[in-house]
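To start, the structure under review is shown below, and the notes come after it.
Heavy-atom basis, side chains included; hydrogens, waters and symmetry copies ignored. When a ligand or atom number is given, it counts from 1 through the structure's own listing order.
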Amino acid sequence: MPLSDLLEEVRARPLPRHVALIMDGNGRWAKARGLPRTEGHRQGALAAERLIRFVGNEKLFPYLTLFAFSTENWNRPREEVEFLFRLLERFIREKLRELSEAGVRLSVLGDMATLPRSLKRSLSEAIEATKGNDTLHLTVALNFGGRWAVLEAARRAVAQAQAGELSPEALTEGAFQALLPTAELPEPDLIIRTGGHMRLSNFFLWEAAYAELYFTPTLWPDFDEEALLLALREFQGRTRNFGRVIA
Ligand code: IPE
Ligand code: IPE
Ligand code: MG
């Protein structure tokens with residue numbers, strides 16, 4: 001089916017508001033071609049750029065979150081970790097103006113404290129430079145872990161309780177949610193994982209409670225506009241019950 005027909009079909013039905021992507025399979029993409037893993041990451045960055053541009057230009061949905069580096073990814077060889085951070089920093093510096101002109105607003109989700117200083121600086125500048133945009137809210141989950149996020153909220157709750165500002169009864173689901181680092185984001189409607197593994201790998205945990213999950217064997221560097229539209233079409237065919245009985 002031509003891309004334009006698929007796009008039209010997907011547009012005709014309700015779209016998700018927040019799509020989150022676990023971008024996996026860069027290493028295997030490179031290995032299959034006899035290339036170093038770093039080349040897979042480089043191609044992966046191009047795939048991310050292509051997708052951000054597509055979602056922004058077509059205004060498919062307003063919230064896109066990309067899982068770029070997990071709290072467990074520190075366990076990779078140091079050279080790979082450094083390469084990933086440099087790649088991201090270059091991406092931000094080189095593409096910022098273009099993305100900003102397309103109406104992209106950048107946010108970062110994760111523990112920024114332990115990131116390299118120059119990366120932190122580029123991220124802060126990009127966040128500041130794009131804060132007035134509202135076509136596409138792009139969140140990069142970086143040094144992010146689902147457990148870290150829940151623990152952060154728990155720490156904030158304890159601090160409030162110690163200050164006498166929070167009682168156990170007042171800590172409702174809504175109050176706890178408001179303490180999460182993801183409080184500003186709508187809950188993800190759709191979580192897509194490329195690369196064939198059917199797991200969350202410590203991505204959104206609390207937030208994923210009612211997300212639709214979509215797994216595809218396509219490796220991240222190959223995940224293109226058509227692949228995204230196919231995922232959206234599958235999402236549109238699902239019934240979301242949220243625990244209720246749907247007659
Ligand atoms: C995803 O690709 C990128 C990051 C986790 C940063 P991988 O590097 O995990 O690729 P595979 O899973 O080894 O193929
Ligand atoms: C998940 O991929 C993390 C990101 C995409 C950033 P991993 O490659 O780290 O996941 P595991 O280790 O296979 O579970
Ligand atoms: Mg992987």
Side-chain angles (χ1 to χ4, degrees), residues 18-52 55 63-95 106-116 118-120 122-123 138-152 181-182 185 188 190-208 211-224 227-228 231:
H18 180 187
V19 176
L21 273 154
I22 303 174
M23 312 184 287
D24 194 27
N26 294 351
R28 280 164 284 161
W29 184 94
K31 193 172 178 204
R33 287 160 181 78
L35 299 167
R37 291 178 58 84
T38 47
E39 190 50 34
H41 294 315
R42 221 191 296 274
Q43 292 299 319
L46 294 176
E49 183 187 352
R50 178 173 62 198
L51 214 67
I52 295 164
V55 174
Y63 290 89
L64 174 66
T65 297
L66 301 178
F67 195 15
F69 192 89
S70 76
T71 46
E72 287 71 34
N73 287 147
W74 288 105
N75 296 319
R76 294 187 177 204
R78 207 180 74 155
E79 306 78 59
E80 182 169 342
V81 171
E82 286 174 356
F83 181 87
L84 284 167
F85 290 155
R86 273 202 309 275
L87 184 68
L88 180 66
E89 189 174 335
R90 248 208 1 243
F91 181 88
I92 302 271
R93 285 196 194 284
E94 287 174 9
K95 310 292 178 193
L106 180 78
S107 295
V108 179
L109 189 60
D111 187 358
M112 299 272 277
T114 47
L115 297 178
S118 65
L119 175 60
K120 273 193 278 195
S122 328
L123 288 169
L138 173 68
T139 302
V140 177
L142 183 61
N143 196 13
F144 177 85
R147 288 179 178 173
W148 167 82
V150 174
L151 202 53
E152 271 295 297
T182 49
L185 285 172
L190 173 62
I191 296 177
I192 298 172
R193 180 173 186 142
T194 62
H197 298 314
M198 296 189 213
R199 56 178 176 249
L200 288 172
S201 300
N202 196 19
F203 189 38
F204 288 151
L205 297 178
W206 173 284
E207 299 81 358
E212 292 297 326
L213 307 180
Y214 179 88
F215 298 99
T216 170
T218 302
L219 302 173
W220 175 250
D222 293 326
F223 192 83
D224 59 9
L228 175 70

When distances are taken from atom 13 (O) of ligand 1, the protein heavy atom at minimum range is R37 NH1, 3.1 Å
Close-contact set for ligand 1 against N73 heavy atoms, below 4.0 Å: 5 (C)
F85, F83, F144 screened by ring pair (Phe, Tyr, Trp, His ring centres under 6.0 Å) with F69, the one that passes: F85
In this structure, NE2 of H41 is separated from CG of L88 (nearest 0.5 Å) by 12.5 Å
Would you say R193 touches ligand 2, if touching means a heavy atom closer than 4.0 Å? yes
Donor-acceptor pair, R33 side chain versus W29 backbone, under 3.5 Å? yes
Could you verify whether a donor N or O on one side chain and an acceptor N or O on the other, from S201 and R193, lie under 3.5 Å apart? yes
List the closest protein heavy-atom neighbour of atom 5 (C) of ligand 1: residue, atom name, distance to the nearest 0.1 Å. R76 NH2, 3.4 Å
Shortest-distance N/O/S atom, D24 versus the Mg ion (ligand 3): OD1
Provide, to 0.1 Å, the distance between atom 6 (C) of ligand 1 and the closest protein heavy atom, together with that atom's residue and name. A68 O, 3.3 Å
Could you tell me whether K31 approaches ligand 1 through its side chain, its backbone, both or neither, with non-hydrogen atoms closer than 4.0 Å? neither
Would N202 and W148 satisfy side-chain hydrogen bond (donor to acceptor under 3.5 Å, both in side chains), going step by step from the backbone distance to the final call? CA-CA 9 Å; N202 196 19; W148 167 82; over 6 Å; no
For H197 and ligand 1, answer yes if some heavy atom of the residue is under 4.0 Å from a ligand atom, otherwise no. no
Heavy atom of the protein closest to atom 1 (C) of ligand 1 (residue, atom name, distance): M23 O, 2.9 Å
Atom 7 (P) of ligand 1: closest protein heavy atom, distance to 0.1 Å, is D24 OD1, 3.5 Å
From atom 10 (O) of ligand 2, is the closest protein heavy-atom distance below 4.0 Å? yes
Under 4.0 Å from a heavy atom of R199: which atoms of ligand 2 are those, numbered in the order shown and with their elements? 11 (P), 13 (O), 14 (O)
